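The next block holds one structure in the form of C-alpha cells; read it before the comments.
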Protein chains: 2
Amino acid sequence: MGKGAQTRETILDEALRAASRDGLGGLSIAGLADAVGMSKSGLFAHFRSKEQLQLEALQRVADLFVEHVVRPALKSPRGEPRLRTLFDRWLAWDRDAFPGGCVIQAASAEFDDVPGPVRDFLVDTQRDLKDTLGNMVRAGVEHGAFRKDLDVEGFAFELLGLVQAYRHHARLLHDPRAETLARAALERLFNHARA
Amino acid sequence: MGKGAQTRETILDEALRAASRDGLGGLSIAGLADAVGMSKSGLFAHFRSKEQLQLEALQRVADLFVEHVVRPALKSPRGEPRLRTLFDRWLAWDRDAFPGGCVIQAASAEFDDVPGPVRDFLVDTQRDLKDTLGNMVRAGVEHGAFRKDLDVEGFAFELLGLVQAYRHHARLLHDPRAETLARAALERLFNHARA
DNA sequence: TGCATAAACGAACGGTCGTGCTATTATTCG
DNA sequence: CGAATAATAGCACGACCGTTCGTTTATGCA
C-alpha cells in the first residue's frame with residue numbers, strides 16, 4: 001500500500017470518528033485536517049470535494065458494518081442462530097464501533113429529506129441491508145425453523161425497530177436496561193415466528 | 001398578542017419547517033431571516049443566541065406534539081383504544097406535521113452525543129414521553145385490558161421502536177408498505193399484551 | 001396627539017468554511 | 001542514483017456564519 005492510500009485510511013478513520021459525534025453534515029475538512037495533523041489543502045487533495053469525502057466515509061463504514069456484523073452472521077447456521085448473531089453483533093456495533101454510535105443510521109436520519117448523492121447512497125445501502133435481513137428470515141422459514149406463513153418483511157421491520165429503539169434508549173437516555181429490553185423483545189419476536 | 005410575540009411565532013414556525021429539512025444544527029439565522037423576510041439582526045434580537053432559538057423551537061414542537069398526539073390519546077378510553085389513538089396520531093404526525101418529519105426525533109439522533117442544553121432538553125422531553133407512554137400501558141394493565149404480568153417498560157420500548165422503524169421505511173426508503181407493516185406489528189404487540 | 005418604548009434595520013466584526021492555485025517536499029521506480 | 005511522479009504545504013479567494021452596535025422606524029398607551 002502506497003503512502004497515499006495509507007493517509008487516506010487515516011483520514012477516513014478520523015472522519016468516521018468525527019461523523020459519529022457531529023453527524024455527517026458536521027464533517028469539516030478544516031477540523032479533520034487539524035485532527036490528523038496535516039494541512040487543509042493537503043487533505044483536500046485526496047478527495048476532490050467535501051461530498052466525495054462524505055461518500056467515501058460512508059462506503060468505508062458500510063464495509064466495516066458488513067465485516068463486523070453481516071459476515072459473522074452469515075457464518076452462523078441458518079435460522080435463529082444466524083439472526084441471533086446478527087442481533088448480537090448489531091447491538092455491539094452500535095455500542096462500541098464508534099464513540100458516537102453508528103454513522104449510517106445517524107446519517108439516515110440526518111439526510112432522509114436532503115436529496116443528493118449522499119441520500120442516494122444511504123437508500124441503496126439500507127435497501128441492501130433490508131434485503132439481506134429479509135433473506136436471513138426467509139432462509140429460516142424455508143429451513144423449517146419458522147412458521148410457513150411468517151411475514152418475512154414484517155419480521156425484518158420489527159427487528160430493525162428494536163435496534164433503533166435500543167440506540168435511542170442507550171445513546172440518548174443512557175438507560176442501563178436498554179440491552180435487556182432489546183433482548184427480551186427479540187425473544188418475543190422469535191416466539192411469534194416459531195409458534 | 002403584541003407585535004413581538006406575533007413575529008416570534010412566525011419565526012418559530014419557519015424554524016420548525018427548516019429544522020425538519022436540514023436538522024436542528026442546520027438552522028441558520030441568516031437563512032431564517034431571509035425566509036421570513038426580515039433582517040438578520042432584527043430576527044436575532046428576538047432570541048439572544050442561536051442556541052436559545054434552537055431551544056425555543058424545540059419547546060414549540062414539543063407543545064405541538066402534546067397537542068396533536070398526546071392530548072387526543074388521553075381523551076380516548078383507557079387501555080387499547082388510548083394506545084391505538086396515540087399510535088394513529090403519532091404516525092400521522094410523523095407523516096404530515098412537517099415536510100421533513102418529526103423535528104424532535106431527528107434532533108434526538110443528531111444530538112445524542114453532543115453535550116449541552118439542547119441535548120438536556122431532548123433527554124427531558126423524551127423521558128417525559130416515555131413516562132407518559134408507560135403510564136398509558138400501566139393503566140391498561142390496571143384496568144384489566146392487559147395481562148397482569150405484562151412488562152410495561154418492554155411494551156413501551158417496542159412501541160417506540162415501531163414508530164422509528166415506520167419513519168425509517170417511510171421517510172428514507174419511501175416504502176409504501178411502511179404504514180401497513182407498522183400497524184400489523186402493533187396488532188402483534190396487542191395480542192401479546194392481552195393473551 | 002405626543003411620547004416612551006419596542007421592534008426592526010444596516011453595516012461591520014472576527015471567524016470558519018470549501019475550494020482553487022502554485023510551490024515544495026517526499027516517494028517510487030528504471 | 002536520478003528522474004518522474006505523487007503527496008503535501010502555503011496562501012488567497014469568496015461565501016456564509018453568529019454576534020454586536022448605533023440608528024431608524026413602528027407601535028401602543030397617557
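All of these numbers come straight from a predicted model, not from anything done at the bench. Letters A, B, ... are given to chains in the order of the sequence lines, protein chains preceding strands, and every chain is numbered from 1.
- For the pair A:L24 CG and C:dG18 P, the computed distance is 12 Å after rounding to whole Å.
- For the pair A:E110 (side chain) and A:L24 (backbone), a donor-acceptor distance under 3.5 Å is present.
- B:S20 contributes a side-chain N or O that, together with a main-chain N or O of B:G100, makes up a donor-acceptor pair within less than 3.5 Å.
- Contact annotation: A:T7 reaches the phosphate of D:dT8 (side-chain N/O to OP1 or OP2, under 4.0 Å).
- A donor-acceptor pair is defined here as one N or O able to donate and one able to accept, closer than 3.5 Å; such a pair exists between the side chain of B:R82 and the backbone of B:L74.
- Distance B:R8 CZ to C:dA6 P: 14 Å, rounded to the nearest Å.
- Contact check of residues 28-55 of chain B against DNA chain D (heavy atom, cut-off under 4.0 Å) returns B:S28, B:I29, B:A30, B:K40, B:S41, B:F44, B:S49, B:K50.
- B:S49 contributes atom OG, which lies 7.5 Å from atom CD1 of B:I29 (distance to the nearest 0.5 angstrom).
- Within a 6.0 Å radius of CZ in A:R78, other residues, nucleotides and ligands contribute 12 heavy atoms or fewer.
- The distance from atom CG of B:L27 to atom P of D:dG18 is 9 Å, rounded to the nearest whole Å.
- Residues in residues 110-144 of chain B take part in no ring pair (Phe, Tyr, Trp, His ring centres under 6.0 Å) pair, two or more places apart or across chains.
- Within residues 14-23 of chain B, no residue has a heavy atom under 4.0 Å from DNA chain D.
- Side-chain atoms of B:N191 and B:R188 include no donor-acceptor pair closer than 3.5 Å.
- Under the 3.5 Å distance criterion, the side-chain polar atoms of A:R95 are left unmatched by any main-chain donor or acceptor of A:R171.
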